[in-house]
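One structure below.
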Amino acid sequence: MPAAAARGCVRDCALGAAVTRTVAALAALLALAALYLGLAREGPGLGALLPWLAGDLSPIDAFVLGDIRLPRLLVAAFGGAALALAGAVMQAAFRNPLASPDLVGTTAGAAFGGALTIVTGAAAWSVVATPLGSLLGAAVVTSLVFVLARAHQRFAVATLLLAGIALNTLVGALTSFAVTFTFDNYTASSRVLFWLMGGLDARTWEHAAITAFGCALFGVLLLPRARELDLLTLSDDAAHSLGLDAPRARRWLVGCACGLTATTVANTGGIAFVGLVVPHLARLLVGPAHARLLPASAWLGALLLVASDLGCRLLPPDANLRLGVVTAFLGAPYFLWLLARHRRGEAL
């Protein structure tokens, strides 16, 4: 077989495999979405989905499916995808497999900014007030991590987690202070406490639109820069020799990660470990190349958060299990396993 024909055959096979994986991924996500909409302790079940799509369902059941469950599903799907994308970007940009929005302080900063809008009453002014406050908090804290992680005008990976832990503690204390300072305002303090534990209760189409817009906007900005993320996993000198201005690219990419985190945390509250765990699982499936890793991370993040929230919904009402607690239970053991591998000197 001529070399050109062989290359064409390999290219066609790779394209066919990619199409097959994409179709399988979309089918799995659609199947989980159908289960999410149709499985419930009470109210319309799986049998109501087809009549609902055909417009032949009672107004009450149609309202439950279309205005209660569907917005919550969209917030979970786009929020999980956004957090996973942010984690994949930070792990490449910081050259640290343990980096994620919640470990380097981005999530804590977004939570603090959002909490301030609630306790000060600014959240009541506009539906975008909390996302804007979260974005500002995330940007400030992540910028401080950048400053602390640089040594002698070079990016020091070794100090990243220490800086993130320190700022997480500081910003968490400031958030707690903001809550305790408003204990006399029970409505505001209770909203902040429930929001910080993470959850998708009472999500509306406005919340879904903001989460989806943030995920789509910053996701579209990231995908063309997959090669830059590949180069950032090397040293800055190696990236520069290949034509990349590493500091500038890192600032831009981490800024996109901040946007993904802020627009999600503003509508979901504190969701831990999704940005840490999901990119590692995606690498096991598709490898380290970010052209494939970013879409796979987004898909797995959506699956994880939708499945976790479905579990919360199916529990008895008196359990009142929060989504952030579920993701923490899933992610913390995996994080400890990664640390154990790192201590043994294994590749993460």
Side-chain angles (χ1 to χ4, degrees), residues 24-84 127 130 187 190-216 263-274 277-278 281 298-331:
L26 291 176
L29 190 56
L30 289 175
L32 182 59
L35 290 176
Y36 187 94
L37 292 172
L39 292 180
R41 296 185 304 266
E42 56 186 21
L46 286 171
L49 293 182
L50 289 179
W52 173 54
L53 293 175
D56 187 21
L57 198 63
S58 68
I60 294 178
D61 287 346
F63 177 80
V64 170
L65 288 173
D67 293 287
I68 296 178
R69 295 184 193 169
L70 184 56
R72 181 168 175 165
L73 167 66
L74 293 176
V75 173
F78 283 106
L83 291 176
V127 70
T130 301
T187 302
S190 61
R191 284 181 61 195
V192 174
L193 286 173
F194 273 93
W195 181 63
L196 290 177
M197 287 188 286
L200 304 180
D201 308 277
R203 296 302 87 184
T204 64
W205 280 106
E206 287 80 5
H207 300 109
I210 292 172
T211 309
F213 176 77
C215 181
T263 52
T264 299
V265 172
N267 296 300
T268 65
I271 304 296
F273 288 109
V274 174
V277 173
V278 171
L281 297 178
W299 170 69
L300 282 175
L303 283 181
L304 176 62
L305 209 59
V306 170
S308 299
D309 191 53
L310 177 60
C312 293
R313 281 183 45 229
L314 294 179
L315 288 174
D318 55 357
N320 197 23
L321 184 63
R322 305 297 295 175
L323 179 59
V325 177
V326 174
T327 58
F329 272 122
L330 294 175

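The model shown is predicted, which means the values in this text are computed figures rather than measured ones.
- One distance of note links CG of L323 with CG of L310; it measures 11.0 Å at 0.5 Å rounding.
- The minimum heavy-atom distance linking L46 with A34 is given by the pair CD2-O, 3.5 Å.
- Under the 4.5 Å side-chain criterion, counting only non-hydrogen atoms from C-beta, L303 is in contact with L29.
- Across all non-hydrogen atoms, the minimal contact from G198 to I271 is CA-CD1, 4.0 Å.
- Closest of all the heavy-atom pairs between G66 and P71 is O-CD, 3.6 Å.
- Going from atom OG1 of T268 over to atom CG of L200 covers 6.5 Å, rounded to the nearest 0.5 Å.
- L30 CG: more than 12 foreign heavy atoms inside a 6.0 Å radius.
- Closest non-hydrogen pair, A298 versus A84, comes out as N-CB, 4.5 Å.
- For V277, the side chain to side chain contact (heavy atoms under 4.5 Å, CB included) partners at least two apart in sequence or on another chain are F273, L281, Y334.
- Closest of all the heavy-atom pairs between L74 and A208 is CB-CB, 4.0 Å.
- The CG atom of L49 lies 6.5 Å from the CG atom of L65; values are rounded to the nearest 0.5 Å.
- Note: D201 CG to R322 CZ = 4.5 Å, rounded to the nearest 0.5 Å.
- Contact detail for G79 and T211: the closest heavy-atom pair is N-CG2, 3.6 Å.
- Atoms CG and CZ, from N267 and F78 in turn, are 12.5 Å apart once rounded to the nearest 0.5 Å.
- Pairs of residues two or more places apart, or lying in two chains, that qualify as salt bridge (charged side-chain N to carboxylate O under 4.0 Å, His left out) and include a residue from residues 302-313 are R72-D309.
- Contact annotation: the side chain of P51 approaches that of L57 to within less than 4.5 Å [non-hydrogen atoms, C-beta and beyond].
- The line from OG1 of T264 to CD1 of I210 is 11.0 Å long, rounded to the nearest 0.5 Å.
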